[in-house]
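What follows is a set of notes on a single structure, which appears directly below.
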Amino acid sequence: MLPRPYAQVMDKIRDFVVAVDDTPQGGLKGIVALHVVGEDLAEIRSLAVDEGLQGKGIGKKLLEFCLNDARELRLNRVFALTYQTEFFDKLGFHKVEKLSLPQKIWGDCVHCAKFSDCDEIAVLLNLGKP
Ligand SMILES: CC(C)(COP(=O)(O)OP(=O)(O)OC[C@H]1O[C@@H](n2cnc3c(N)ncnc32)[C@H](O)[C@@H]1OP(=O)(O)O)[C@@H](O)C(=O)NCCC(=O)NCCS
């Protein structure tokens with residue numbers, strides 16, 4: 001959702017999951033990344049569904065895939081910084097103060113154009129102990 005240098009995308013490439021249309025003329029339908037930031041915390045990043053395919057459940061499937069991944073990794077909490085709070089609400093996330101998240105999550109933000117004026121909202125889901 002935010003411009004990222006090529007090197008940073010490559011650095012995090014294994015975080016990404018894509019939804020593809022597997023018909024012969026198919027292509028990319030959506031994308032998401034799960035980035036582990038601590039022993040019990042991960043961030044949902046770069047969630048996007050092709051504009052013409054939104055509202056068909058693809059975003060939900062991508063997010064659920066990441067949540068299952070997080071559970072398998074025995075992470076207890078998953079958060080996102082977003083404007084789409086209602087979408088995340090529907091999947092059980094709740095709003096939290098950005099400052100309640102560990103300081104280390106802001107490491108990547110220094111590369112962001114919005115760094116000094118970030119208006120994204122933090123949402124968090126507690127997965128609980130497995
Ligand atoms: C936000 C986004 C990823 C949602 O993906 P999607 O495939 O359109 O969403 P889904 O069809 O899976 O929707 C799942 C549920 O959330 C709801 N929902 C989806 N987008 C919503 C929104 N913006 N506001 C409120 N509810 C929304 C759907 O109605 C659906 O509800 P239901 O289960 O009760 O039917 C997609 O709209 C998108 O790519 N937006 C632009 C990029 C963006 O803002 N990404 C978020 C970055 S964190």
Side-chain angles (χ1 to χ4, degrees):
M1 296 306 94
L2 301 167
R4 286 183 193 275
Y6 179 78
Q8 205 186 94
V9 174
M10 286 300 112
D11 189 42
K12 307 277 190 304
I13 196 74
R14 292 179 67 98
D15 288 349
F16 288 91
V17 172
V18 293
V20 292
D21 178 348
D22 55 9
T23 62
Q25 67 276 20
L28 192 64
K29 297 201 286 188
I31 187 162
V32 70
L34 181 76
H35 179 64
V36 176
V37 264
E39 63 185 31
D40 85 332
L41 183 67
E43 178 181 5
I44 299 288
R45 290 181 173 179
S46 307
L47 173 62
V49 172
D50 182 292
E51 246 173 19
L53 297 170
Q54 290 178 7
K56 296 176 187 291
I58 297 168
K60 184 176 172 180
K61 274 192 188 163
L62 284 166
L63 185 53
E64 284 174 341
F65 185 95
C66 287
L67 297 179
N68 282 335
D69 213 6
R71 285 187 188 97
E72 279 181 18
L73 292 168
R74 296 178 175 259
L75 300 166
N76 292 328
R77 299 180 301 150
V78 176
F79 75 96
L81 297 169
T82 187
Y83 300 113
Q84 306 294 338
T85 54
E86 284 181 44
F87 168 77
F88 282 94
D89 281 354
K90 289 205 163 175
L91 284 130
F93 285 74
H94 62 278
K95 288 181 199 161
V96 290
E97 282 295 326
K98 275 190 274 196
L99 291 177
S100 70
L101 297 169
Q103 204 173 1
K104 64 185 165 194
I105 73 156
W106 309 114
D108 280 348
C109 296
V110 292
H111 305 294
C112 176
K114 292 184 172 185
F115 178 57
S116 58
D117 190 24
C118 175
D119 57 353
E120 289 189 309
I121 296 162
V123 292
L124 180 84
L125 177 68
N126 282 303
L127 296 171
K129 296 267 183 207

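As the structure lists them, so they are numbered: ligands from 1, and atoms in each ligand from 1.
Ion pair Asp21/Lys29 not flagged as a salt bridge, since none of the NZ, NE, NH1 or NH2 atoms sits closer than 4.0 Å to an Asp/Glu carboxylate oxygen.
Going from atom CD1 of Ile121 over to atom CD of Glu97 covers 11.0 Å, rounded to the nearest 0.5 Å. In this structure, CG in Asp15 is found 10.0 Å from CD1 in Ile44, a value given to the nearest 0.5 Å. To the nearest 0.5 angstrom, Asp11 atom CG is 12.0 Å from Tyr6 atom OH. Note that CG of Leu91 is 5.0 Å distant from CG of Leu63, once rounded to the nearest 0.5 Å.
Under a 4.0 Å heavy-atom criterion, Ala80 is not in contact with ligand 1.
Near Thr82, with a cut-off below 4.0 Å to any heavy atom, the atoms of ligand 1 are 48 (S). Residue-ligand proximity, Gln84 to ligand 1, at heavy-atom distances under 4.0 Å covers atoms 1 (C), 22 (C), 23 (N), 44 (O), 46 (C). Listed by atom number, the atoms of ligand 1 under 4.0 Å from Gly55 heavy atoms are 6 (P), 7 (O), 8 (O), 11 (O). Listed by number with element, the atoms of ligand 1 under 4.0 angstrom from any heavy atom of Gly57 are 10 (P), 11 (O), 12 (O). Numbered from 1 in the order shown, with element, the atoms of ligand 1 that lie under 4.0 Å from a heavy atom of Glu86 read 24 (N), 25 (C).
Among Glu64, Lys56, Lys60, Gln54, the residue whose heavy atom lies nearest to atom 40 (N) of ligand 1 is Gln54.
Formation of a donor-acceptor pair under 3.5 Å by the Lys61 side chain with backbone atoms of Ala19 is not found in this model. Under the 3.5 Å distance criterion, the side-chain polar atoms of Gln54 are matched with a main-chain donor or acceptor of Val49.
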Practice item. Tell me, with the steps shown, if Ser46 and Lys12 meet side chain to side chain contact (heavy atoms under 4.5 Å, CB included). Key: CA-CA 11 Å; Ser46 307; Lys12 307 277 190 304; over 6 Å; no
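Nearest protein neighbour of atom 34 (O) of ligand 1, counting heavy atoms only, is Lys90 NZ, 3.1 Å. Regarding atom 42 (C) of ligand 1, its nearest protein heavy-atom neighbour is Met1 SD, 3.5 Å. The protein heavy-atom contact nearest to atom 16 (O) of ligand 1 is Phe87 CD1, 3.4 Å. For atom 7 (O) of ligand 1, the closest non-hydrogen atom on the protein side is Gly59 N, 2.8 Å. The protein heavy-atom contact nearest to atom 39 (O) of ligand 1 is Val49 N, 2.8 Å. Nearest protein heavy-atom contact of atom 47 (C) of ligand 1 is Leu47 O, 3.5 Å.
Contact detail for Ala122 and Leu101: the closest heavy-atom pair is CB-CD1, 3.9 Å.
Within a 4.0 Å radius of atom 3 (C) of ligand 1, the protein contributes one or more non-hydrogen atoms. Atom 10 (P) of ligand 1 is flagged as protein-proximal [any protein heavy atom, distance under 4.0 Å].
A continuous path of ILVMFWY side-chain contacts below 4.5 Å connects Ile58 to Phe88, so both sit in one hydrophobic cluster.
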